[in-house]
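Everything on this sheet refers to the single structure shown next.
Heads up: numbering here begins at 1 and tracks the sequence.
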Amino acid sequence: MKVVKFGGSSLASGEQVKKVYNIVTSDPDRKIVVVSAPGKRNSSDIKVTDLLISCADKYLKNEDASDIFGTIIDRYHSIAKELHLSNDIIQTITDDLLSLLNGDKSNPDSFIESVKASGEDNNAKLIAAFFKHQGLDAHYVSPKDAGLLVSNDPGNAQVLPESYERLYELRKKSGIIVFPGFFGYNETGEVVTFSRSGSDITGSILANGVKADIYENFTDVDAVYAVNPNIVDHPKEIRELTYREMRELSYGGFSVFHDEALIPAFRAGIPVNVKNTNNPEAPGTKIVNERENTNGPVVGIASDEGFCSIYVSKYLMNREIGFGRRLLLILEEFGLSYEHIPSGIDDITVILRQNQIDEKLEDYIVKRIIEDLQADEVKIVRNLALIMLVGEGMRQNVGTAARASKALAEANVNIEMINQGSSEVSMMFGVKEAVEKKAVQALYEEFFVRVMV
Ligand SMILES: Nc1ncnc2c1ncn2[C@@H]1O[C@H](COP(=O)(O)OP(=O)(O)O)[C@@H](O)[C@H]1O
Ligand SMILES: N[C@@H](CC(=O)OP(=O)(O)O)C(=O)O
């Protein structure tokens with residue numbers, strides 16, 4: 001049995017949905033189909049999920065939302081029209097969305113969650129209606145009925161372990177199951193969404209639950225590339241990656257596959273195949289436990305921006321018991337989560353996502369660290385990008401850091417920070433956001449163009 005997930009780009013128009021139908025029906029093992037909400041049809045388009053969030057926001061503020069409501073319904077309507085579906089499905093979707101928008105707003109978070117999740121929920125109903133219309137034995141299944149239970153963290157839900165046993169029951173259902181991605185239900189029966197792009201997570205959870213033979217993740221590119229194709233033209237395709245490599249690359253900025261979506265498949269030992277809806281014959285990228293070819297040190301280079309660093313220096317910091325703990329305690333008090341902590345003898349740097357800290361908070365944190373820890377110097381540097389070099393081959397290869405540093409130096413990129421950390425499969429460089437692209441291009445040139453790996 002295969003679980004197949006189609007992202008928003010694969011479901012953005014009726015033409016795309018027809019491709020999805022052809023893919024599903026071309027292989028009788030494709031029994032469970034996870035769908036996202038309609039995504040972008042072109043680069044200037046808006047995802048239905050984003051339209052829903054804006055619409056919910058307007059309803060909460062009692063502002064006129066008729067335009068945006070119309071745009072959302074139009075998206076479904078144009079898909080249904082292209083697929084020659086009757087108006088019944090559009091009426092169902094309109095009624096559902098209106099009842100959510102006019103529903104209880106006493107808890108704004110849960111109001112937004114329900115509206116946001118309706119993008120996938122209604123799309124699953126539409127896709128199931130189309131499959132049936134084509135004569136397929138297909139059914140929409142709700143995450144509630146299937147028992148997909150999640151923690152109560154709006155926009156950041158985690159699956160509860162008891163879900164897996166319940167989801168196994170899906171194996172017994174006849175025909176094709178169309179399942180909405182992106183959300184589950186908490187223990188009190190309310191909708192809670194995963195983080196953005198979280199339909200990948202639903203697919204992985206279902207693959208684990210039903211013990212699928214493979215989890216196929218259909219998107220709009222032929223493969224996971226060695227580098228973001230928006231930074232380097234026609235980069236090298238990666239045929240095989242390990243779970244660890246993919247996890248690091250997704251975390252590092254490869255938005256093609258959600259970084260939280262690896263764990264459920266990995267735990268059940270289910271291979272993941274990233275494939276292209278627009279070119280399903282292409283082999284795509286397989287994510288597996290172990291791969292054979294680990295010749296070159298680097299398999300992929302990911303980058304992401306929007307980080308800041310808190311640099312703290314104090315003479316003899318290495319001798320002071322509890323310094324690190326007290327520093328992190330201050331961050332915890334402000335509800336800040338950190339990403340990395342490279343350190344030296346007399347200094348330590350904490351890297352965080354900078355959207356957590358505005359300038360007022362920045363001043364306050366600096367003052368607190370100086371006062372509480374008697375630090376000699378505290379400095380916050382904003383607008384940093386982190387670049388991750390990833391590859392299992394790094395374990396056997398010496399000199400990877402030297403090659404990377406040389407390539408960056410030749411491109412005139414100043415390295416703000418290096419962190420090899422405890423992961424044996426990745427190495428991280430911090431640079432100013434302004435030179436991120438240049439740095440990634442230089443590293444790609446060094447590890448993929450100048451040498452054959
Ligand atoms: N290393 C990479 N390999 C492939 N695609 C990447 C990579 N890094 C970023 N991307 C981007 O990820 C996009 C696919 O992800 P996404 O838009 O979330 O798809 P979907 O709509 O299928 O969920 C690609 O179109 C590409 O622009
Ligand atoms: N629609 C949701 C969930 C998702 O996975 O979407 P996509 O497949 O378009 O990345 C979002 O935009 O976050």
Side-chain angles (χ1 to χ4, degrees), residues 2-52 55 68-100 115-143 173-183 199 202-203 216-220 275-281:
K2 294 181 179 176
V3 170
V4 274
K5 177 259 171 180
F6 292 91
S9 55
S10 305
L11 300 157
S13 67
E15 193 192 334
Q16 289 300 90
V17 174
K18 284 181 199 163
K19 293 180 190 168
V20 168
Y21 173 79
N22 290 335
I23 291 168
V24 171
T25 51
S26 68
D27 182 344
D29 285 341
R30 290 179 176 142
K31 291 267 297 171
I32 300 185
V33 180
V34 176
V35 298
S36 286
K40 292 182 177 199
R41 289 161 292 191
N42 50 59
S43 56
S44 55
D45 207 3
I46 305 176
K47 282 174 137 191
V48 163
T49 307
D50 290 309
L51 292 170
L52 287 164
C55 188
I68 204 154
F69 178 82
T71 309
I72 295 166
I73 298 302
D74 275 356
R75 287 295 310 268
Y76 290 111
H77 192 248
S78 74
I79 297 172
K81 208 169 136 203
E82 268 186 85
L83 300 174
H84 305 293
L85 294 177
S86 79
N87 216 36
D88 294 358
I89 185 66
I90 298 306
Q91 198 52 54
T92 307
I93 293 173
T94 309
D95 293 347
D96 176 77
L97 187 53
L98 273 178
S99 103
L100 287 171
V115 176
K116 205 163 123 183
S118 75
E120 332 316 272
D121 202 44
N122 282 323
N123 210 25
K125 289 178 189 163
L126 191 155
I127 307 292
F130 174 61
F131 283 10
K132 275 189 196 153
H133 180 77
Q134 296 295 100
L136 263 191
D137 178 20
H139 318 272
Y140 155 84
V141 172
S142 147
K173 279 200 185 294
S174 65
I176 286 167
I177 293 168
V178 185
F179 199 100
F182 192 40
F183 71 99
S199 298
T202 307
E216 292 178 320
N217 190 288
F218 281 89
T219 179
D220 64 349
K275 283 176 77 75
N276 192 352
T277 299
N278 306 313
N279 184 16
E281 301 311 321

Please tell me if the side chains of [X] and [Y] come closer than 4.5 Å, counting only heavy atoms from C-beta onward.
X	Y	result
Leu52	Leu97	yes
Asp74	Phe69	no
Lys125	Asp96	yes
Ile73	Ile90	yes
Leu83	Lys18	yes
Ser142	Phe179	no
Lys275	Thr219	no
Val141	Val178	no

Sub-3.5 Å donor-acceptor pair from the side chain of [X] to the main-chain atoms of [Y], do we have one?
X	Y	answer
Ser10	Phe6	no
Asp45	Arg41	yes
Arg30	Ile23	yes
Glu120	Ala37	yes
Lys31	Gly175	yes

For [X] and [Y], which heavy atoms make the closest approach, and how far apart are they?
X	Y	result
Thr202	Phe183	OG1-N, 4.1 Å
Ser36	Gly8	CB-N, 3.4 Å
Ile93	Leu126	CD1-CD1, 4.1 Å
Ser174	Asp137	OG-OD2, 3.7 Å
Ala12	Gly39	CB-O, 3.5 Å
Cys55	Ile72	CB-CD1, 4.0 Å

Query raised in the report: Going through the distances and angles, do Glu82 and Glu15 end up as a side chain to side chain contact (heavy atoms under 4.5 Å, CB included)?
Result: CA-CA 7 Å; Glu82 268 186 85; Glu15 193 192 334; 3.8 Å; yes
Measuring from [X]:[atom1] to [Y]:[atom2], what's the distance to the nearest 0.5 Å?
X	Y	atom1	atom2	value
Gln91	Asn87	CD	CG	6.5 Å
Ile176	Ile32	CD1	CD1	10.5 Å
Lys116	Asp50	NZ	CG	10.0 Å
Ser9	Lys40	OG	NZ	11.0 Å
Ser118	Phe182	OG	CZ	10.5 Å
His77	Leu85	NE2	CG	10.5 Å

Requested in this report: Name the orientation class of the two ring planes belonging to Phe130 and Tyr21 (parallel below 30°, tilted from 30 to 60°, perpendicular beyond 60°).
Outcome: perpendicular
Requested in this report: Carefully, step by step, assess Gln16 and Asn278 under the rule side chain to side chain donor-acceptor pair (under 3.5 Å).
Outcome: CA-CA 8 Å; Gln16 289 300 90; Asn278 306 313; 3.1 Å; yes
Query - Donor-acceptor side-chain pairing of Tyr76 and Asn123 below 3.5 angstrom - result: no
**Report entry** Crowding at CD1, Ile46 (>12 non-hydrogen neighbours, <6.0 Å)
**Finding:** no
Query - Neighbour count above 12 (heavy atom, 6.0 Å) for Gln134 CD - result: yes
Query - Salt bridge Glu216-Lys5, side-chain N to carboxylate O under 4.0 Å - result: no
